[in-house]
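Below, each value reflects all heavy atoms present in this structure, side chains not excepted, and no hydrogens, waters or symmetry copies. Atoms within each ligand, like the ligands themselves, are counted from 1 in listed order.
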Amino acid sequence: MSFFEALEPEFNSFVMGNAPVRQLATGFDWVEGPVWFGDADCLLFSDIPNNRIMRWTPGAGTSVFRQPSNYANGHTRDREGRLISCEHGMRRVTRTELDGSITVIADQYQGKRLNSPNDVVVKSDGTIWFSDPHYGIMTNYEGFKSEQELPCNVYRADPATGSLTAVATDFNCPNGLAFSPDESRLYIADTGRMFEKDPQHIRVFDCSADGTLSGGGVFHVISPGCADGFRVDTDGNIWSSAADGVHCINPDGILLGKILVPEIVSNVCFGGRAKHQLFITATTSVYSVILNRVGAVRP
Ligand code: MG
């Protein structure tokens, strides 16, 4: 069997036909939020329903990194390498300092509690951009069922000033997000309200140097499944979650090909020795595959 499905010929040069999609760890309930720490040679990821962040180390396997994790979901690293986390349970975005202490980046907007921050990315100027859908407060499965106080917005937090700005306010449920390599574009997924047949797509915004967004048209419709989380390679291709694996979408919005994964994929990140290894969180397991592409700077 092949682990890949090329829909456009160039996809064949993005992958290595003899590189396996390997299951690295399994036995979780819903994994998401992968982030690579090259300096520690490990991958962190969330096992959300079990309220823990796991660590996978090549050759050493899997161990618990943090439990309870406040039902953490998406992670990334800031420009100083510190862990930035979205917490459903505490309805906040945090930074883990190098000494292990926790700094709250954002937990309210205009005096109201955030919903359940889901995914996060850091821009080169140090600002922290995150989505705030309501998934984590709808039930007690991935957080604590509670009242929604705010619309499902996308925010930009500036740790230098403490400011929090709503940058996109017309989503059903924003989810994964990533900048293009030159940061002129911001891609944001809308995964819609649960239990309703909302469109599953990625929108694209033009991002000005001062951080304001414009545009926002539909960039690509994901099928089957949804663009829960995604990352961008150095050529600007988007590697997105889908129900049948990972979809590779070029900067024109064309689906080039797929990495086939036997479980529904939630998110991905690049890492490994040469940033050419794609780590894939998928329902109960974590997979990885070596690509002939390199992840963009932001982890
Ligand atoms: Mg997500």
Are any N, O or S atoms from [X] nearer to the Mg ion (ligand 1) than 2.8 Å?
X	value
E32	yes
N175	yes
T191	no

N/O donor-acceptor pair under 3.5 Å between N292 side chain and M16 backbone: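 No, because the side chain of N292 does not come within donor-acceptor range (under 3.5 Å) of the backbone of M16.
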Does E8 use its side chain to pair, donor to acceptor, with the backbone of E10 at less than 3.5 Å?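 The answer is no, because no donor-acceptor pair under 3.5 Å joins these two groups.
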Given the side-chain rings of W36 and F279, with only the six-membered ring counted for Trp, is the space between their centroids under 6.0 Å?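 Yes, the ring of W36 comes within the 6.0 Å limit of the ring of F279, centre to centre.
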Please say yes or no: joined through hydrophobic side-chain contacts below 4.5 Å, possibly via intermediate residues, are V289 and V261 part of one cluster?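 Hydrophobic grouping puts V289 with V261.
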What is the name of the N/O/S atom in D228 that sits closest to the Mg ion (ligand 1)?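 Minimum-distance N/O/S atom of D228 relative to the Mg ion (ligand 1) is OD1.
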